[in-house]
Amino acid sequence: MSKTAPVGMRLLSSAQVQLGGLLGAALDANRRGRLSRFITGPTSPAIAIFDPARVLANREGDWYGEHAGKWLYAAAKAYARTQDVSLSEQLRSVADHLVALQGEEGYLGTYAPERRFMHQQPPKPQSWDGAPSARTWDIWTHSYLVLGLLELHKAMPDVPSSARYLAAARKIGDLCWYTLSEGGINITELGNHHGMSATVLLDPAVELYLVTGERRYLSLALLILEQADNHPPLALLSRALSGADAAEIATGKAYQLAWNLVGLTKLHKATGVALYREAVDKLWLSIRRHHLTLGGGPWGGVAHRSREVFNAPGAFQAQAYVETCSTLAWLQLNRELLAISGEAKYAEEIERTAYNDLLGAMAPNGEDWCYYSFPNGRRVHTTYWRCCKSSGAMAVEELPAAAYGVTAEGAIAVNLYGPGLASVQLDGIGAVALKQCTGYPFDGQIRLRVTPDQTARFNIQLRIPAWAQQVRIQINDEQLSVAATPGSYAELDRDWTPGDRITMDLAMPPVLHRKANRNVQESLAPDGSPVRQQVLCHEYVAITRGPLVYATGLIDGFKTEESIRLPEGDPTQALSLLPLIEGKGEDEDAAPAIELRLGYRAPITFWPYYRAGGRSDGSWRLTWLSLAPDTGFSSDFEHGNT
């Protein structure tokens, strides 16, 4: 076993990046909204539930304790990025209060003593998701607290209490190690979805090892994986390596499975064990191929017992669900894989998800979030205690560090596009400042000003989006002939002088996408030959432009769906990009609308999904429009033609 896996890309810290445009507006709103208002000090409801008197009386399983760790994590990242003094005071006040409440043995949860994860419980009844459990969310809450305390320790290394935050996280890790080893309790007994809500402890266990270098936390992570894999309904590693679809791992719970994969990816990073990476790669590909909306969010809710589990492979329904918590875990998984591999496809997924399903769940005030979002459906801002409000706040704060990186070969990688600044330190060269000026994601022209401390030779890699079929790159006034393969990085290796300018033009024509909700009945005839008949087929069409998914509001102001008939020939000819409103700048109002002109009815206007129908509670968005049925349709299928 090697000590660590090779690092493909060192992502920048949040403090080195300043995002503008849409993503910058989301970060500002997040800081002013959720992070400043939800938790302000020890008396805030989400922290008051840790008070001893309330804990002693809490004999019901709940997840509410997670908010403390999630807020610490997101607010610490925001503080590292902004150095906001008031946020610093809130963080220390809350963290100091929580640490003071921690038991000597390390417990820092919200459950009454007899319900805590350290104590054996009678066998629970068998059910489809492994519920109910007397302490389903106890390990879960402690997992987020470890991550939050570690993030705060990283953000405030010079604060005297920083060592106490690290010590508190270590005490939780030590308690978990004792419980699962000498304590004789199996991790899969401590959560639902056949243990997945507890095996998420894999992530903070590895993070503790990476921060402290103490091998018992690596041993804890390996023990968690061993117990998860030896539990037949879960068998996380074995089933992944066998090629099982993501929907077939335990219950296929999207949020929890993706978070488990974050931990497994970090375990690969910590150990270099190739099997861990292979397992993650197989499930990543399964999710990418079968379980994402057009806007990049993991979705569920089609003919299943839960809205939050992955759909069966190939299932499609325009009204299916995206849970914002699942969007967080998917972003984090791609962040880890981008850092390990340096591959453009992971940055692509981060950008696609951020500009669509993440922003599409967030209200402009930075406080309100959708628990569920739907490609076709009503926007519903969720209630006070719901998990997705804190998950969304975490997800937004993951974006700055993913925007730029330094590859293993010492190249600067530009991963995400949008207005902003970055300061990069290159070994042997010094500081390099990058300023990105662009109307992206509304416009395909990206201008980068490169300012090294002094003239020096180094490589700048520009991510070429997978959707980009026409790319032009220019340095200063010189047009370049460089490889610009969609889904990869274009490499610009040269001597750079302060003030050099890179211009990249990406063509952004509107694109039509087609999907079908289809059922094919299959059987064998008496002679053994296959018989296959399509018995259901509803086809849909949707529009993207660049990284943005587009949607319309209610059709004609009141209809939730309508069948449309596309014109003969090239259907994209029915799409027209409307001119921008005069005087609008690089904000959300600068988004060009797209008109669908069908000839037989009034045009239908589409806007970027995140703002279609308005960003207010109760507004409607329709991404997929039903296609008129083909009246010449035949239900017969040739052998092998699916």
Side-chain angles (χ1 to χ4, degrees), residues 13-47 66-95 148 151-152 155-156 324-325 327-328 331 354-355 357-371 373 379-403 416 418-421 441 584-591 608 610-611 614-617 619:
S13 70
S14 298
Q16 293 175 279
V17 178
Q18 179 182 332
L19 298 183
L22 272 183
L23 301 184
L27 285 160
D28 289 344
N30 195 41
R31 180 177 56 83
R32 295 193 310 268
R34 182 69 175 180
L35 299 183
S36 295
R37 299 174 190 164
F38 177 59
I39 293 175
T40 58
T43 60
S44 296
I47 303 303
E66 71 168 30
H67 289 295
K70 285 182 170 181
W71 180 84
L72 285 172
Y73 181 93
K77 280 188 174 291
Y79 169 73
R81 180 173 55 81
T82 64
Q83 298 297 297
D84 185 312
V85 174
S86 61
L87 196 55
S88 168
E89 293 171 352
Q90 290 173 244
L91 277 162
R92 284 182 288 171
S93 171
V94 169
E151 201 63 41
L152 184 55
M156 297 181 174
T324 298
C325 289
T327 300
L328 162 68
L331 284 170
Y355 277 129
D357 278 332
L358 179 62
L359 288 186
M362 183 184 189
N365 63 9
E367 172 60 25
D368 290 314
W369 284 84
C370 300
Y371 191 132
S373 298
R379 182 186 184 101
V380 180
H381 292 164
T382 194
T383 53
Y384 179 85
W385 282 104
R386 290 299 174 181
C387 49
C388 288
K389 300 182 81 167
S390 289
S391 290
M394 284 181 67
V396 170
E397 290 297 334
E398 297 287 8
L399 300 177
L416 305 183
L421 304 170
K584 292 294 183 181
E586 293 179 344
D587 56 23
E588 66 177 43
D589 292 322
Y610 75 88
R611 61 169 297 198
R615 301 182 72 181
S616 58
D617 190 28
S619 58

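None of the values given here were measured: they were computed from a predicted structure.
- Proximity of Tyr79 to Leu35: side-chain heavy atoms (C-beta onward) are nowhere separated by under 4.5 Å.
- Asn30 places a side-chain heavy atom less than 4.5 Å from the side chain of Met362.
- Using a 4.0 Å cut-off between charged side-chain N and carboxylate O, Arg34 and Glu367 make a salt bridge.
- Note on Glu397 versus Arg81: salt bridge recorded, some NZ/NE/NH1/NH2 to OD/OE distance being below 4.0 Å.
- Taking OH of Tyr371 as the reference point, atom OG of Ser391 lies at 9.0 Å (rounded to 0.5 Å).
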Test side-chain contact (heavy atoms from CB on, under 4.5 Å) applied to Ser616 and His381, step by step:
CA-CA 8 Å; Ser616 58; His381 292 164; 5.5 Å; no
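- Considering only heavy atoms from C-beta on, Leu19 comes within 4.5 Å of Leu27 through its side chain.
- Salt-bridge annotation for Arg31 and Asp84: present, with a side-chain N of the basic residue lying under 4.0 Å from a carboxylate O of the acidic one.
- Side chains of Leu358 and Leu399 form a contact here, defined as non-hydrogen atoms less than 4.5 Å apart.
- Annotation: side chain of Asp368 is in contact with side chain of Asn365 (closest heavy-atom distance under 4.5 Å).
- Tested against Ser390, the residues Trp369, Phe38, Trp71 include a single side-chain contact (heavy atoms from CB on, under 4.5 Å) partner, Phe38.
- Side-chain contact between Tyr73 and Glu398: present, with at least one pair of heavy atoms (C-beta onward) separated by less than 4.5 Å.
- Across all their heavy atoms, Ala591 and Pro608 have their closest contact at CB-CG, 3.6 Å.
- Side-chain atoms of Cys370 and Cys388, non-hydrogen and from C-beta on, never get closer than 4.5 Å to each other.
- Using a 4.5 Å heavy-atom threshold, the side chains of Met394 and Leu331 count as separate.
- A tilted orientation is assigned to the rings of Trp385 and His67, their planes being inclined by 30° to 60°.
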